[in-house]
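The sequence lines fix the lettering, A, B, ..., with proteins before strands; numbering per chain opens at 1. Everything numeric here is computed off the predicted structure, so don't read it as measured data.
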Amino acid sequence: MSKRKAKDAHLPIGECINQVHQILRKRFCHQQLPDKPEGVEAQHKHLAELLKRTAVHGESNSVLIVGPRGSGKTMLLRSVLRELSQETEVQKNLLQVHLNGLLQTDDRIALKEITRQLQLENVVGDRVFGSFAENLTFLLDALKKGDRSSSRPVLFVLDEFDLFACHKNQTLLYNLFDVAQSAQAPVAVVGLTCRLDVLELLEKRVKSRFSHRQIHLLSKLTFPQYLERVRDQLSLPDDFLDGKFAQEWNAAVTMLCLSRVSVARPSITPADLLDASRLCLADANANMLHGLSILELCLIIAMKHLNDVYEGEPFNLQMVHNEFKKFLQRKSNSMYNFEQPVIMKAFEHLQQLELIRPADGASAKTQREFQLMRLMLDHGQIMEALQKYPQCPTDVKQWAMSAFA
Amino acid sequence: MKYFTRLRVRRIYEWRGAALGFNRKLQTYEYGSLSIRVEGLPHSTVISAGQHILIEGDDDDNPYVARVVRLFADESGAQKKAVVQWYVRVSEVPPGKLKLLGRNPHPQEVFFYEGRSCEDEVNAESVLRPVQVRHLDAAAPFPVSEDGDIFYVKLSWDSRTFRPVDPSLLDASRPPCRSLPLSPPSSPPAAAPAPGGPARRALPTPDPAVMRGAMATPASSRKPGAEAESLHSLTKLSASKCLSAKRRSATCRTPGVRKKLQLSSPDDPAALRDDVLQQLLEAELEKGRRSAAAASPSEPLRITHSLTPLRRTSRTPGRHDDFPLTPCSVRRRESQSETDSPPAGDDLSSPQLESSSSRRRVALRRNHATFRETTSTKRKEVQTGTEPVLEVLDEEEEKNCALRIPRRQSALKVSSRIRKQLNLLDDRLSSDEDEEEEEFVPSRKELQSDEEEDDEGDEEEDEELKVKKSRRSSSSAASRTKQKTSARTPRKAGPKTPRTHHHATPSIPNRAQPARRPGNILEEARARLHVSAVPESLPCREQEFQDIYSFVESKVLDGTGGCMYVSGVPGTGKTATVQEVMRCLQHAAEQDEIPPFVFIQINGMKMTDPHQAYAQILQKLTGQKATADHAAALLEKRFSHPAPRKETTVLLVDELDLLWTRKQNVMYNLFDWPTRRHARLVVLAIANTMDLPERILINRVASRLGLTRMSFQPYSFKQLQQIVTSRLNKLKAFEDDALQIVSRKVAALSGDARRCLDICRRATEICERSAAQLVGMSHVMQALDEMFSSPYIAAIRSASTQEQLFLRAVIAEFRRLGLEEATFQQVLVQHQALCRVEGLQPVGVSEGLAACRRLGACRLLLLEPSRLGVLQRVRLNVSQDDVLFALKAD
């Protein structure tokens, strides 16, 4: 280690690591756009042409970008917009309205937001005046007054498009698409959604007005391509301050190569990656088991056995207690001999942790001991947790393993 | 009772001396001076040109101030007229604008009026007495004087700004600096009249007797009450009878067209109309007598109107104007004044001539509109008798001419256009691209921009109107404004909602650079194929067009009301056809072939609540803003009570089903109003479902909707093909086969014209990218693929390994259970087993759940809410076969 330090005379290793952290965080956490879209060139071209025609020719369009989560829908749109904004003709003309289905949960809010972002004349400062109905007629009048050749085109970006389809009567969508289909101010409506069946959500008249252009973003990467992508993402750029460090880093990445990079170990190892993935994929429920008391764990095991016996039928506290008692009788030592109220308390605690939940249709009126419950854990999760449980009594472990109590 | 005191003072107006000359163009006699004698008093007052006078207005304490420019009488010598230069009193300037003055106005101060929104021709019989107007320098103080008859002028007012006035303007010898284009002897009528414009005036008057009769009334208007009234009614009777007889014969000549739909027009309209007419006239007479006898202070307006008969005799005063005898020709006159206004505006002292030209035009038009309205009803509102003789004559003539023109003209024109286009399609192959034919898209655009201009002008016009309004600012303002706007001209494409000037204007900012024009054939084709491009005509909907046209036309002609229900799946041209019909009808109304009408449209989707429909209708009809409840009450009143000069209202209700409420009040009212006697409302309702009346409407609503229904069938492939070719209009951008396959495919799926156009548009894009000249089969196929192929299979193929495994596990579990539903826990067991088979490490619960949720987010799987964890149930959203197919091909 000290040898390496001596070699990198240019920069202290700490500085380099800081730099690496910064670059990678920018890439991963701040959604820095890649220089050019990869793997989605066709879609990129399609969208860019479409938006450009709206901006330059004043042609109204509507399009949906569909793809699973994390497939790069927003990235695609943003990189297209970035590219378009480099053209002055577009930059000067295009008005943008960004809406998100999670933020604008109904048409009233969405309309206010549109009016605000367009800075129409009923906006004072950041506040929009007028009732819902007034806002709607105002916006529609505004759009109606425009015409293809003279007014500035408006780009509507509807993120989480499927949520807009849940609004009452789909008023907003109908009107946006209707504007796009009639000789009014030119608009481009771009919807982003991860639902493949989004068209079926649309009412038939709304659907008819939509142009049915969909850009599907489906990752078609094979493993080698995927690998390549990961490597590109992790590699340091050529203009990194310390050339030598960058080379070594990139070499390590090429070897295969996340976090936990510290001064002590200035490159990524496969083990780090595995660790990280394990962290990401950690099962919260299973982890919760680790914090339970022995009694609670025993109750869980009893429930598991009940599930095995009755094939997933719901159970109540009394059944669990009986099952537990059977185990105690066999062991004949009174180590786990608890009073009924204690068991009750443990049972309630499990319910609070949502490890068990009341079965459907179980009314709250029934006495607590007889309320039907279901276990929210899988067999495997319990076993796995038992393995890791610190100082788990062997007999409990054995009881859990045995097929029948 | 101010009113009676004024009545008692009866002035007698006489010309002094013989006529100075006779203006042959205008058929007027010019006079030098006029003497006014008050009945019972010996001395008389003389008014001559250049003198300042007071003119009777609606406020007795503040009569209008003006300077006489010219005195003249019409051909028969009965009507005494004066052209005046108005002065505006302080009270007539809108209070908001007084601030511009920057000081407190003097009570005797008047402003030289330079605006154009006031008629400068007045009835000479409204002149009260001469008055003195003195010019003062802007800086000079007002002299202290208690004489109420001396006014001081410092500034001029053009309805927007105050300006120092040029003393020479006040000079009596100066010719009028502005006047109505037709009135001054110096300005001849437009030399080259627009077609259908003033040229028609040159036609021989069809029935001079009628016209004379109509013209005669003003002379009699000064005779004592009862006599005047009866005479007035008599002339009215004869004139209107003649006219209705003419009209009848005109209608009879085109019987087949109107009866096409067997709609509710009466079998013998002539007989019926006569009866109605008789009734109405009798009622009118009766009413006149009654109100004259019992003049109560609560009804001053009614008294006024009964005592001061109308100049325009063909128009029944009061509330009983029900027969469509009065086609208004505002549009026509507007166009006329448009052609005339530039020369007249040249000597206008406004500095921003260029910018104000359009505004002026609009102001002029509005001027006419309000003017007509005022003359038709109450004397008190009449701009102190500003009645240009010519216009009356003009209008009567137009009406008669219009009646003789076959009313089906515009419809015929349209069908001929359609026919022409079909012919074009036939010989499309023989002749290549025709430059002229290609031009229709741009020309359309010009039209639109023209309209734009009008709209822009509209707002400023409101401002100018303020002055006008303040002139008439007395009681019952609400009812009058209502009438005023209702008398407005038919609008081209749906009326724009009028706004008050202080309100924010809805508009999208204009672009910095103009939009690029289509550069090559493909771009041109794309522009034409865009759904928004308005085609010259609507092919394939000729029958529907005819039916709707004749329905609305017959209702407008008869002045009755009715409902029509139009249904059809989306994209079959329902709204487009109805709008096209209205365009044609409005064109016909402009040409005076049918009485004018008001067209408004509402859309169930474009309102937030069904009850908003009332507010929107009211606003589009009258410009009033009201809450939904209040609007409903106002509309109810409007449609159930007779009103003078009511025009037929054509209401297009799009997306009718959205107006459904639990009690169906909105729908009930919409369909009930047309059945009212005085409503004159035609409702065209559009919805998607054919059996909407049976399905969701309760009986009383369905019954009122009636049986006049029309359903638009989805387009057949031939029709779709024709639509596309007619839009392309000989632009050779598509292979024939390619077009055919698109049409066939769309026709088989939905028959939605929008879809067809969208696919063609997309195909041009694909073609452009592949650098081909002509859109061929392959491009079209690709576009079809993009639009119609289900994304599911592609999505499954591109899913990750674990997701694919999970799908397989779901199918395996379904097979095991024999059900189409399983809990996640069950599927997970299968999944883990599959992993082992595939030689992968079995997934944990969280990984499996993650895969499951990803699939759920794409809606490949349908999931229960995720809080159920491992217990959530899983279903497939695609068929098992699709999944297996997609995974097998892998």
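Residue A:K168 touches chain B through its side chain alone, counting heavy-atom pairs closer than 4.5 Å. For a residue to count as touching a neighbouring chain, one of its non-hydrogen atoms must lie under 4.5 Å from one of that chain's; by this rule A:D178 touches chain B with the side chain only. At a 4.5 Å heavy-atom cutoff, the contact between A:L120 and chain B is made by side-chain atoms alone. Contact of B:Q826 with chain A is not made at all, since no heavy-atom distance falls under 4.5 Å. With a threshold of 4.5 angstrom between heavy atoms, A:V66 does not approach chain B through any atom at all. The part of B:L860 that comes within reach of chain A is its side chain, from C-beta onward, which places non-hydrogen atoms under 4.5 angstrom from that chain.
A salt bridge is defined here as a Lys NZ or Arg NE, NH1 or NH2 lying under 4.0 Å from an Asp or Glu carboxylate O, and B:R859 with A:E200 fails to meet this definition. Of the charged side-chain nitrogens involved, at least one lies within less than 4.0 Å of a carboxylate oxygen, so that B:E765 and A:R53 count as a salt-bridged pair. For the pair A:R213 and B:E786, the salt-bridge criterion is not met [side-chain N within less than 4.0 Å of a carboxylate O].
The side-chain heavy atoms of A:D378 and B:L828, taken from C-beta on, include a pair separated by under 4.5 Å. Here the side chains of A:E49 and B:R769 are in contact, with some heavy-atom distance below 4.5 Å.
Among all heavy-atom pairs drawn from A:H216 and B:P791, the shortest one is CE1-CB, 3.1 Å. Across all their heavy atoms, A:L136 and B:K606 have their closest contact at CD2-O, 3.3 Å. Residue B:M605 comes nearest to A:Q170 through the heavy atom pair CE-O, 4.4 Å, listed as atom of the first residue, atom of the second, then distance.
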Steps toward side-chain contact (heavy atoms from CB on, under 4.5 Å) verdict (A:R357, B:L868)
CA-CA 9 Å; A:R357 53 177 289 136; B:L868 290 172; 3.7 Å; yes
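Here CZ of A:R69 is found 8.5 Å from SG of B:C858. Values are rounded to the nearest 0.5 Å. How far CD of A:E203 is from CG of B:L658: 6.5 Å, rounded to the nearest 0.5 Å. A distance of 12.0 Å separates CZ in A:R209 from CG in B:D758, rounded to the nearest 0.5 Å.
In summary, the side chains of A:R195 and B:N877 do not present any donor paired with an acceptor at a separation below 3.5 Å, with no hydrogens or angles considered. A donor and an acceptor atom, one from each side chain of A:Y174 and B:N603, are located under 3.5 Å apart.
No donor-acceptor pair under 3.5 Å is formed between the side chain of A:H212 and the backbone N or O of B:R755.
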